[in-house]
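Below is one structure; the comments refer to it alone.
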Amino acid sequence: MILPGTGRGTGEAGGGGVRQVRRPEVSLARKLRRTMTLPEVMLWRHLRGSPDGVRFRRQHPIGCYVADFFCTKARLIVEVDGAVHSIEAHMSRDTARDRYLSDNGYRVIRIGAVEILRDAGAVAASIVSLAAAPLHHSPAASGPPPRAGEE
């Protein structure tokens, strides 16, 4: 007799149950993390570990896409573009992707792989400074600014 949750009755512990189904983007992101390009690896070495308190994720699924690097706090997506992105078919896909992401509140920057190969540290520093400086300043905690003459 096989008891629920005891495996197949062969002495295995745990087991049984339904196999977990993942979104295809999550599976793709995991695969891309294992097969990063050289420029991506070089950039990741500088971005990992929260430089200046700014955290980045690599190969992070967003909607139906996977971002090369993503900073949640700044809603900043960094895409590393190799030579293949200069092909017309890729350019139109990149444009549609960037439009989708910006329409959903993300900032997207594209950096050429050649720039990263030239000086990964400088590229990472500029990305971190961009992520650390918000585009929109939040209003003061005390509320809206005073009306004219009420200062």
Side-chain angles (χ1 to χ4, degrees), residues 5 7 12-148 151:
E12 297 176 24
V18 179
R19 183 173 177 216
Q20 187 177 18
V21 178
R22 291 189 182 91
R23 294 184 354 227
E25 302 84 32
V26 174
S27 297
L28 177 61
R30 288 180 176 187
K31 177 184 175 196
L32 291 173
R33 284 183 207 123
R34 290 188 303 268
T35 59
M36 290 173 62
T37 64
L38 177 61
E40 290 172 339
V41 170
M42 290 173 66
L43 187 56
W44 179 240
R45 285 182 182 156
H46 292 279
L47 294 179
R48 71 183 304 173
S50 303
D52 295 335
V54 180
R55 286 194 67 208
F56 287 90
R57 298 175 181 184
R58 63 187 170 124
Q59 307 301 339
H60 180 72
I62 299 175
C64 59
Y65 298 106
V66 177
D68 289 338
F69 300 97
F70 177 60
C71 176
T72 306
K73 181 179 174 186
R75 295 184 63 85
L76 176 67
I77 296 171
V78 179
E79 289 295 319
V80 177
D81 288 349
V84 73
H85 289 272
S86 61
I87 298 171
E88 186 64 37
H90 280 276
M91 290 171 64
S92 61
R93 274 188 259 160
D94 288 345
T95 302
R97 171 190 174 121
D98 291 352
R99 187 177 317 114
Y100 168 83
L101 294 168
S102 64
D103 288 348
N104 285 285
Y106 298 99
R107 285 189 294 170
V108 180
I109 61 169
R110 295 189 163 277
I111 299 174
V114 174
E115 293 178 49
I116 297 169
L117 291 172
R118 203 174 292 136
D119 191 356
V123 171
S126 64
I127 292 169
V128 169
S129 67
L130 180 64
L135 272 182
H136 305 288
H137 299 285
S138 58
S142 61
R147 295 180 188 162
E151 289 96 32

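Remember, predicted model here, so these are calculated numbers, not experimental data. Computation of the quantities below employed the complete heavy-atom set of this structure, encompassing side-chain atoms and omitting hydrogens, waters and symmetry-equivalent molecules.
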Open item on the list: Can you confirm whether Arg55 sits close enough to Thr72 that some side-chain heavy atom of one is under 4.5 Å from a side-chain heavy atom of the other?
Closed with: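 A side-chain contact is absent here, since even the closest heavy-atom pair is not under 4.5 Å.
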Task: By ring pair (Phe, Tyr, Trp, His ring centres under 6.0 Å) - contacts of Tyr106 (at least two apart) - done: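 Expected list: Phe70.
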Open item on the list: Among residues at least two apart in sequence or on other chains, which ones pass side-chain contact (heavy atoms from CB on, under 4.5 Å) with Thr37?
Closed with: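 Testing Thr37 for side-chain contact (heavy atoms from CB on, under 4.5 Å), a comparison that skips the adjacent residues, returns Pro39, Glu40.
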Task: Set of side-chain hydrogen bond (donor to acceptor under 3.5 Å, both in side chains) partners for Arg75, sequence neighbours left out - done: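 Arg75: no side-chain hydrogen bond (donor to acceptor under 3.5 Å, both in side chains) contacts found.
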Task: Closest approach of Cys71 to Ala131 (non-hydrogen atoms, all atoms of both residues) - done: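 Residues Cys71 and Ala131, closest heavy atoms: SG-CB, 4.1 Å.
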Open item on the list: Apply side chain to side chain contact (heavy atoms under 4.5 Å, CB included) to residues Arg110 and Asp98 and explain how you reach the verdict.
Closed with: CA-CA 10 Å; Arg110 295 189 163 277; Asp98 291 352; 2.9 Å; yes
TODO: Report the C-alpha separation of Arg107 and Leu130 in whole Å, then their side-chain angles, then the decisive distance to 0.1 Å, and conclude whether the side chain to side chain contact (heavy atoms under 4.5 Å, CB included) test is met.
DONE: CA-CA 10 Å; Arg107 285 189 294 170; Leu130 180 64; 3.6 Å; yes
Open item on the list: Here's a test for you: under salt bridge (charged side-chain N to carboxylate O under 4.0 Å, His left out), which of Arg93, Arg97, Arg58 qualifies with Glu79?
Closed with: Arg97
TODO: Supply the atom-to-atom distance Phe56 CZ to Asp68 CG, rounded to the nearest 0.5 angstrom.
DONE: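 The CG atom of Asp68 is 12.5 Å from CZ of Phe56, to the nearest 0.5 Å.
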Open item on the list: Would you compute the distance between atom CG of Leu101 and atom CD1 of Ile62 and round it to the nearest 0.5 angstrom?
Closed with: 6.0 Å
Task: Identified side-chain contact (heavy atoms from CB on, under 4.5 Å) counterpart of Ile111 within the set Asp81, Val78, Val80 - done: Val78
Please tabulate, for the side chains in residues 43-54, all donor-acceptor contacts under 3.5 angstrom to protein atoms that are two or more places apart in sequence or on a different chain.
none

Task: side chain to side chain contact (heavy atoms under 4.5 Å, CB included) evaluation trace for Phe69 with Ile127 - done: CA-CA 10 Å; Phe69 300 97; Ile127 292 169; over 6 Å; no
Open item on the list: Holding to salt bridge (charged side-chain N to carboxylate O under 4.0 Å, His left out), I want the full list of residues that pass it with Arg57, two or more places apart in sequence or in another chain.
Closed with: none
